[in-house]
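Data block below; observations after.
Along the sequence shown, the residues carry numbers beginning at 1. Numbering of ligands and ligand atoms starts at 1, following listing order.
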Amino acid sequence: MKILVIGSGGREHALAWRIAQSPRVSRVLVSPGNGGTAAQDGMINVPGHTVADWLRIARDENVHLTVVGPEAPLAEGVVDAFRAAGLRIFGPTRAAAQLEGSKDFAKQFMLRHGIPTARSATFDNAAAAHACIEREGAPVVIKADGLAAGKGVVVATTTAEAHQAVDDMLGGSLGGAGHRVLIEQFLSGEEASFIVMVDGQHVLALASSQDHKRLLDGDQGPNTGGMGAYSPAPVVTPAMHGRIMREIILPTVAGMAAEGVSYTGFLYAGVMIDPDGHPQTLEFNCRMGDPETQPIMMRLKSDFTVLLDHAVAGTLDQVEAEWDRRCAVGVVMAAHGYPGTPRRGDAISGLDEKAADVEVFHAGTALADGRVVTAGGRVLCVTALADNVRQARQRAYERAERIHFEGRQMRSDIGWRALAHPRG
Ligand code: AMP
Ligand code: GLY
């Protein structure tokens with residue numbers, strides 16, 4: 001059978017890679033895909049950029065099931081359109097995807113259902129927002145209400161920075177996404193990414209993970225989409241796993257169903273575990289994380305297509321996911337200029353080597369005259385499995401060091417929090 005994966009990033013390469021290993025799958029179609037999904041066994045890229053394109057591909061190719069990687073097609077209603085056409089797809093409807101698409105919607109939803117999250121207020125008026133910052137003081141967090149491709153959050157360490165962020169966002173720096181802003185209480189603690197599959201009613205938790213959002217070593221520099229990730233996250237102990245399920249995930253799924261917007265798809269809760277050990281919800285994403293997906297898929301041992309079939313059929317309570325007990329670490333190699341304006345077209349060398357338990361997932365790459373070149377901000381995510389974080393990280397960096405392109409940016413400390421953790 002054929003599976004369609006919508007998207008073109010490292011997350012989609014990792015999803016397609018795991019799906020392609022299923023004995024049930026003849027071919028994974030990736031639309032539009034990247035330079036890695038174009039060239040790998042069992043996968044093929046199919047041009048496509050709109051819901052109409054993907055509907056046509058799914059019909060013409062007799063696709064068994066479609067998996068959506070990024071948030072934008074979900075917000076455009078790709079799931080609603082597929083369902084209306086009687087096609088099988090895993091993801092949230094446009095209405096359910098508001099949990100990610102509007103931070104104000106998510107905040108109000110969490111308040112209604114008693115889900116722990118930071119205190120915040122929403123403004124579309126600059127004077128009122130500035131007055132709120134004066135009352136709150138710094139540090140304080142400014143968030144654009146809408147989808148802003150990872151650029152919508154400013155953790156301001158001074159009130160001057162906070163005022164500036166409000167002026168920028170309300171002034172249109174993020175387009176419509178920033179026409180409303182949330183001013184949110186700053187939470188300290190340690191973050192984890194908690195990602196689950198939801199079938200409307202039942203929940204299947206995936207392995208825990210943690211990413212590194214800042215560009216530079218020591219978690220310094222500007223925020224990015226994520227410069228590396230690892231799984232599992234030692235901060236998510238079995239007891240913490242239970243609390244996050246009980247206090248955040250299950251009330252969210254039940255609350256959405258109770259409000260008549262039943263949630264299906266991947267649900268990603270960004271969680272801050274505060275110094276007292278209480279999990280707080282930082283955000284919801286209606287998709288898997290990138291780069292968290294890459295280490296998570298390396299560790300998944302079950303046939304992913306079986307899990308996806310159950311998710312679409314509403315029978316996730318009948319399956320369990322089996323995980324490799326080892327750790328996976330993924331190191332992102334980014335293009336010159338990222339996270340600002342990445343340079344495209346730099347030739348990438350060193351991709352052909354193979355190493356055991358290491359995968360080089362492509363993201364912003366393209367094929368040009370038979371050569372792989374950079375074509376986006378995050379270019380590759382080199383992901384390795386090993387018995388512990390230290391070894392997995394070493395294995396990933398050894399492989400990454402043999403891959404070159406002009407202006408390559410890569411952190412050298414992915415996984416440091418896990419190594420510092422007593423359970424790391
Ligand atoms: P978000 O897109 O909401 O996850 O925000 C991006 C990043 O900003 C998070 O991963 C956190 O590192 C940080 N962040 C968001 N909200 C808060 C908060 N209330 N307190 C401290 N840091 C935050
Ligand atoms: N790595 C964070 C995200 O995918 O949102």
inquiry  = For ligand 1 and Gln185, I'd like to know whether there is a polar contact (N/O to N/O, distance under 3.5 Å).
reply    = yes
message = Quick check: Asp290 and ligand 2, any N/O pair under 3.5 Å apart?
response = yes
Among all protein heavy atoms, pick out the one at the shortest distance from [atom]; state its residue, atom name and that distance to 0.1 Å.
{"atom": "atom 20 (N) of ligand 1", "result": "Leu187 N, 2.8 Å"}
{"atom": "atom 17 (C) of ligand 1", "result": "Leu282 CD2, 3.5 Å"}
{"atom": "atom 11 (C) of ligand 1", "result": "Glu191 OE2, 3.1 Å"}
{"atom": "atom 5 (O) of ligand 2", "result": "Arg287 NH2, 2.9 Å"}
{"atom": "atom 7 (C) of ligand 1", "result": "Lys213 CD, 4.1 Å"}
{"atom": "atom 18 (C) of ligand 1", "result": "Val141 CG2, 3.5 Å"}
{"atom": "atom 13 (C) of ligand 1", "result": "Val155 CG2, 3.8 Å"}
{"atom": "atom 8 (O) of ligand 1", "result": "Val153 CG1, 3.5 Å"}

Donor-acceptor side-chain pairing of [X] and [Y] below 3.5 angstrom:
{"X": "His163", "Y": "Glu134", "result": "yes"}
{"X": "Thr93", "Y": "Asp80", "result": "no"}
{"X": "Asp53", "Y": "Thr50", "result": "yes"}
{"X": "His362", "Y": "Gln40", "result": "no"}
{"X": "Glu292", "Y": "Ser193", "result": "yes"}
{"X": "Arg83", "Y": "Thr264", "result": "yes"}
{"X": "Asp219", "Y": "Trp416", "result": "yes"}

Looking at [X], which atoms of ligand 2 are within less than 4.0 Å of one of its heavy atoms?
{"X": "Glu292", "answer": "1 (N), 2 (C), 4 (O)"}
{"X": "Gly225", "answer": "1 (N), 2 (C)"}
{"X": "Asn285", "answer": "5 (O)"}
{"X": "Gly289", "answer": "4 (O)"}
{"X": "Asp211", "answer": "1 (N), 2 (C)"}

Contacting atoms of ligand 1, where contact means under 4.0 angstrom from a heavy atom of Lys103 = 2 (O), 3 (O)
query = Going by heavy atoms, is Gln280 under 4.0 Å from ligand 1?
reply = no
Pick from Glu100, Glu283, Lys143, Met272: the one approaching atom 16 (N) of ligand 1 most closely through a non-hydrogen atom = Lys143
task = Evaluate the side-chain proximity of Asp199 to His310: yes if any heavy-atom separation is below 4.5 Å, no if none is.
result = no
request  = Taking the side chain as every heavy atom from C-beta outward, state whether Ile142 and Asp168 have any atom pair closer than 4.5 Å.
outcome  = no
note = Minimal heavy-atom distance between Ser8 and Asn34, with the atoms involved, is O-ND2, 3.1 Å
key: Any Gly226 heavy atom less than 4.0 Å from ligand 2   = no
ask   = Is there any ring pair (Phe, Tyr, Trp, His ring centres under 6.0 Å) pair reaching into residues 227-263, and which pairs are they, with sequence neighbours excluded?
value = Phe194-His241, His212-Tyr230
ask   = Residues in side-chain hydrogen bond (donor to acceptor under 3.5 Å, both in side chains) with Glu259, at least two apart?
value = Arg112, His113
